[in-house]
Number of protein chains: 2
Amino acid sequence: MPPPSTRVQLLDAAEHLFAERGFRGTSVRAITDRAGANLAAVGYHFGSKAELLAAVIRRVVEPINAAQNAGLDRLLARTPDPSVTDLVEAFAGPLFDEMPVGDEGGARTSRLIVTILGDPAEEMRAWTGPAEDTIRDRFLAAFGRALPGLSPEELWFRVRGILAVTAVDRVQAYQQDAPSGLSPVAGDAARQWAITFLAAALSAPPTGSRS
Amino acid sequence: MPPPSTRVQLLDAAEHLFAERGFRGTSVRAITDRAGANLAAVGYHFGSKAELLAAVIRRVVEPINAAQNAGLDRLLARTPDPSVTDLVEAFAGPLFDEMPVGDEGGARTSRLIVTILGDPAEEMRAWTGPAEDTIRDRFLAAFGRALPGLSPEELWFRVRGILAVTAVDRVQAYQQDAPSGLSPVAGDAARQWAITFLAAALSAPPTGSRS
DNA sequence: GTCTATAGAACGATAGAC
DNA sequence: GTCTATCGTTCTATAGAC
């Protein structure tokens with residue numbers, strides 16, 4: 001693996017710009033300028049702009065995946081049936097922790113993730129692979145055991161809610177649209193608030209059940 | 001107000017295409033083609049592509065705003081301190097109900113909203129006005145009364161969670177990434193699930209409080 | 001109010017010298 | 001591995017005829 005090469009600087013620049021302006025809003029010229037590289041460097045190192053995007057996403061997502069898997073392993077080694085709160089923490093925690101240094105409290109990376117999830121362009125969702133499916137299925141199974149009585153569909157709805165809250169929320173916090181008089185959200189507080197919020201949400205009785 | 005004019009057909013076409021491909025992914029040509037209008041029509045009727053977007057957003061958002069306001073009025077007329085569930089319903093319900101006919105169960109409009117909220121482009125967030133601020137503040141105040149003991153910051157975090165869950169969730173449901181073996185989510189079920197999920201989340205004890 | 005025609009700029013990709 | 005130069009495309013916006 002080469003030293004702080006052009007390749008890495010392109011990845012850094014692209015990650016920043018894709019997060020800030022989206023895929024289509026970022027030109028190859030803007031990336032190479034920021035990276036201090038030549039316009040042709042993207043083609044040489046990655047083949048195309050879309051393949052550069054895929055490399056950026058993989059670099060961001062892989063440590064999150066690994067931490068989610070490791071967290072679940074640790075939990076299951078302790079007890080076969082972890083609590084909902086522990087599962088939420090294992091799933092959502094890495095979305096807060098596994099952010100590169102230099103990121104403004106992870107907000108920029110969160111924004112990249114939201115940009116990816118929300119972008120209707122096909123390039124944006126072409127990167128998911130078997131690793132993502134495996135993690136999803138493992139957590140779904142664990143949540144299913146912790147929350148019997150929930151239909152698979154409603155369970156899936158709730159698990160998706162975890163991603164929605166963790167990702168979207170911090171992006172909006174990063175933007176300017178907070179009511180006046182509120183102090184900006186610290187990263188640590190948001191992490192705890194999210195887990196409180198989500199653990200309660202996941203633990204709600206099934207819709208339609210008698211109270 | 002003129003009949004089903006070119007202007008309206010441009011709005012319809014633009015709404016569809018912005019939702020499907022994003023703002024930057026949609027060309028003025030694609031819009032005018034779909035509307036059966038001339039390329040110059042966007043400039044004539046709206047001034048620019050960005051102003052057309054603003055008009056599209058306003059048309060989608062205004063009935064939602066109105067329904068949220070009316071719902072809160074109705075609630076407050078009945079009791080000065082509505083329950084958390086009632087407030088969630090009044091806030092989130094219109095996000096499910098106030099969708100134009102012809103929309104695939106509201107999924108397309110949800111996608112437009114996510115495209116707006118998630119898009120880093122400035123044009124996408126330049127449309128908010130005093131109406132949005134007023135509604136937000138009214139609901140914040142009502143939730144604050146229903147949830148004493150919650151700091152304003154954590155309350156704001158939770159209220160933002162409502163929008164995150166309702167909008168993002170249905171977009172992901174609309175996309176292809178559900179685990180195999182799960183039936184697609186019906187709109188009515190999602191509405192109920194979301195309210196269950198969010199009412200429990202909002203009602204969680206403040207983070208850090210003793211159980 | 002609708003059209004043609006085009007200006008003017010930006011884009012992604014790549015050929016080929018070094 | 002890095003660079004210059006450029007090709008071919010696509011874009012928004014607008015001038016001006018009808």
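For clarity, every value in this text was computed on a predicted model and none was experimentally measured.
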Worked verdict on Asp73(A) versus Arg138(A) for salt bridge (charged side-chain N to carboxylate O under 4.0 Å, His left out): CA-CA 10 Å; Asp73(A) 286 343; Arg138(A) 290 190 71 198; 2.8 Å; yes

Under-4.0 Å salt bridge between Arg74(B) and Asp86(B): no

Atom-pair distance (CZ on Phe46(B); C1' on dG1(C)), nearest Å: 14 Å

Tyr44(B) side chain, from C-beta outward: closest of dT14(D), dA13(C), dT2(C): dT2(C)

Interatomic distance where CD belongs to Glu51(B) and C1' belongs to dT14(D) [whole Å]: 14 Å

Separation of atom CZ in Arg24(B) from atom C1' in dG12(C), rounded to whole Å: 16 Å

Phosphate OP1/OP2 of dG1(C) contacted by Thr6(B) side-chain N/O (<4.0 Å): no

Comparing Leu39(B) and Ala40(A) on DNA chain C - which has the more 5′ nearest nucleotide: Leu39(B)

Arg158(A) with Glu154(A): basic N within carboxylate O range, under 4.0 Å: yes

Interatomic distance, Gln9(A) CD vs dT2(D) C1' [rounded to whole Å]: 14 Å

Nearest-Å distance for atom pair CG/P, residues Leu53(A) and dA13(C): 12 Å

Atom-to-atom span, CZ of Phe18(A) to C1' of dG12(C) - whole angstrom: 12 Å

Ion pair check, Arg191(B) and Asp97(B), cut-off under 4.0 Å: yes

Distance below 4.0 Å between Asn38(B) side-chain N/O and dT4(C) OP1 or OP2: yes

N/O (side chain, Ser27(A)) to phosphate O (OP1/OP2, dA10(C)) under 4.0 Å: no

Sugar-phosphate, base or nothing in reach of Thr32(A), heavy atoms under 4.0 Å: nothing

Nucleotide of dA13(D), dA13(C), dT2(D) approaching His45(A) most closely (side-chain heavy atoms): dT2(D)

Pair Ser48(A), Glu51(A): side-chain N/O donor-acceptor within cut-off below 3.5 Å: yes

Euclidean distance, atom NZ of residue Lys49(B) to atom C1' of dA10(C) [Å, nearest integer]: 13 Å

Interatomic distance where CG belongs to Asp33(B) and P belongs to dT2(C) [whole Å]: 16 Å

